[in-house]
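Nothing here was measured: the structure is a model prediction, and the numbers come from that model. The first residue of the sequence shown is numbered 1, and numbering continues consecutively from there.
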Amino acid sequence: MLRVLIRTSLALVIALVAAVIGWRVLKPAEVASAASPPYPVPVTRAPQVTGRTNQAPLIVADAVRVYASKRQVRADPVWAKGVMTAIWSLRRWPEQLSGVVAVGDTVISRWADGTLIGISALDGKEIWRVATGVKAPAFDGHRTGAATVWAPAGLYTGAGAVLVSDSSRVNAYDATTGAPRWSAPISCQDAFTTTGGQFVCTEQAFSLATGEAVAGWPAGPHTPLGCGVASSGCGGLRDADGRGWLATGARPQRSTVLDQPGSTVAGGRAIPPQPGAQVLGASNGRLVLLTDDRHLKVGAVEFPLAVEKEKLTWKPGLWQVTDHWVAIERLDDDGPTNPEKPGHYFTVDTVIIAAI
């Protein structure tokens with residue numbers, strides 16, 4: 001009888017210890033690690049390929065690269081040839097990272113519980129935090145995190161604000177302080193922001209400053225043109241009839257150039273289709289083109305987008321253009337469309353980065 005009691009007691013103790021360990025491991029936790037001096041500074045290089053990474057970086061302030069994984073956001077220097085040990089990071093358990101954007105040198109991460117967190121891109125310190133009350137989608141970045149940093153669902157920037165949306169509401173916050181700017185019961189699909197200061201949602205446009213509806217907007221649904229990352233800062237659009245409009249001012253301006261398939265907006269100008277090339281954006285007033293033979297062309301400068309003896313037999317996925325850098329997600333030219341399938345990406349280090 002005594003042996004039975006001892007065995008039972010030991011079993012209870014072991015179970016209790018296991019429960020405590022399990023709670024310590026699985027309990028909600030947050031780990032933030034700030035950068036140590038010297039802090040990153042903006043870097044420029046002569047036009048050339050500078051490296052490749054296995055994850056897509058959001059290049060911020062031309063100084064750091066910010067990466068997204070399921071439960072973590074982290075950064076390394078923009079000049080590194082590959083992914084380096086993080087200079088700062090934020091991990092939240094068990095919350096999933098939904099999206100990441102940047103305004104100036106503030107990195108804003110959105111989490112599945114609806115929390116927005118503003119972090120300094122240079123030192124990794126938290127600046128502000130807001131519980132938006134708007135639930136966010138789960139992590140959908142697949143292997144590279146490209147969709148999370150370059151095309152996050154329901155997360156936008158414009159006119160110094162960061163906006164979050166779901167199927168029934170849009171909230172706008174000051175990107176520097178996190179202070180609420182406006183909130184409106186807007187049912188939103190396929191939204192984007194314009195360089196002219198509008199939030200365009202399905203068939204209507206709203207002021208980024210006030211959230212009020214903008215009168216006299218072209219009939220939707222709209223096709224955005226010349227956007228930056230996060231479907232933001234779009235320079236133009238096509239209306240429901242396929243007519244093109246510049247969206248760089250308070251009111252859209254008609255542009256027959258943008259009626260043409262393959263036309264876009266870059267650097268505030270309507271750009272006609274470029275034979276043999278795809279317009280990626282603009283850098284300091286220069287067109288940034290990806291040629292059909294996978295060369296990067298910036299003004300009069302042109303070079304192949306490859307590291308050493310890599311083949312040029314890939315197609316572009318998502319990308320980002322800044323004043324001094326370009327990063328492109330490379331997909332296998334004949335691979336499956338599903339990013340979870342083997343052969344979807346061009347190579348292990350499938351994101352190529354170049355200075356421009």
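- Between Ile127 atom CD1 and Ile117 atom CD1 the span is 12.0 Å, to the nearest 0.5 Å.
- Under the 6.0 Å cut-off for aromatic ring centres, Tyr156 and Phe199 qualify, their centroids lying closer than that.
- Contact check for Val229 versus Leu58: side-chain heavy atoms found under the 4.5 Å cut-off.
- Between atom NZ of residue Lys135 and atom CG of residue Asp166 there is a gap of 11.0 Å, rounded to the nearest 0.5 Å.
- Salt bridge annotation for Glu310-Arg52: present, with a cationic side-chain nitrogen under 4.0 angstrom from a carboxylate oxygen.
- Ion pairing between Asp333 and Lys315 fails under the 4.0 Å rule for side-chain N and carboxylate O.
- With Thr264 contributing its side chain and Ile271 its backbone, the two residues share no donor-acceptor pair below 3.5 Å.
- Using a 4.5 Å heavy-atom cutoff, the side chains of Val200 and Trp217 are in contact.
- Salt bridge annotation for Arg129-Glu30: present, with a cationic side-chain nitrogen under 4.0 angstrom from a carboxylate oxygen.
- For Asp241 (side chain) and Arg243 (main-chain N/O), no donor-acceptor pair under 3.5 Å exists by modelled atom type.
- In terms of modelled atom types and a separation under 3.5 Å, the side chain of Gln198 and the main chain of Gly196 share a donor-acceptor contact.
- Looking at Thr148, its side chain never comes within 3.5 Å of a backbone N or O of Pro152 through a donor-acceptor pair.
- With respect to Phe346, the side chain to side chain contact (heavy atoms under 4.5 Å, CB included) criterion is satisfied by exactly one of Thr350, Val348, Asp349: Thr350.
- The shortest side-chain heavy-atom distance between Phe206 and Thr193 does not fall under the 4.5 Å cut-off.
- A side-chain donor from one of Asp123 and Ser120 sits under 3.5 Å from a side-chain acceptor of the other.
- At least one donor-acceptor pair under 3.5 Å links the side chain of Thr291 to the backbone N or O of His295.
- Annotation: cation-pi pair Arg238/Trp245 absent, no NZ/CZ under 6.0 Å from the ring centroid and within 45° of its normal.
- Asn54 places none of its side-chain heavy atoms less than 4.5 Å from the side chain of Tyr345.
- At distances below 3.5 Å, at least one donor-acceptor pair connects side-chain atoms of Trp150 with backbone N or O atoms of Pro57.
- Ionic pairing of Asp323 and Arg286 is not present here: no N-O contact between side-chain nitrogen and carboxylate oxygen is shorter than 4.0 angstrom.
- With no hydrogens or angles considered, a side-chain donor-acceptor pair links Asp76 and Tyr67 at under 3.5 Å.
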- [ ] In sequence, state the C-alpha distance, the side-chain angles, and the governing distance for Ile119 and Lys125, and then conclude on side-chain contact (heavy atoms from CB on, under 4.5 Å).
- [x] CA-CA 6 Å; Ile119 298 173; Lys125 295 179 181 178; 5.9 Å; no

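- Contact of the Arg181 side chain with the Val162 side chain is not registered, since no non-hydrogen atoms from C-beta on lie closer than 4.5 Å.
- In this structure, Arg74 forms no cation-pi arrangement with Trp88, as its terminal cationic atom is not both closer than 6.0 Å to the ring centre and no more than 45° off the ring axis.
- Panel note: side chain Arg294, backbone Trp314; a donor-acceptor pair is recorded below 3.5 Å.
- One distance of note links CD of Gln274 with CG of Leu289; it measures 5.5 Å at 0.5 Å rounding.
- Within the 4.5 Å cutoff, side-chain heavy atoms of Leu163 are placed close to those of Trp182.
- Taken from CG in Leu287 to CG in Leu280, the straight-line distance is 10.0 Å, to the nearest 0.5 Å.
- Under the 4.5 Å side-chain criterion, counting only non-hydrogen atoms from C-beta, Gln96 is in contact with Arg71.
- For the pair Val265 and Leu246, the minimum side-chain heavy-atom distance is below 4.5 Å.
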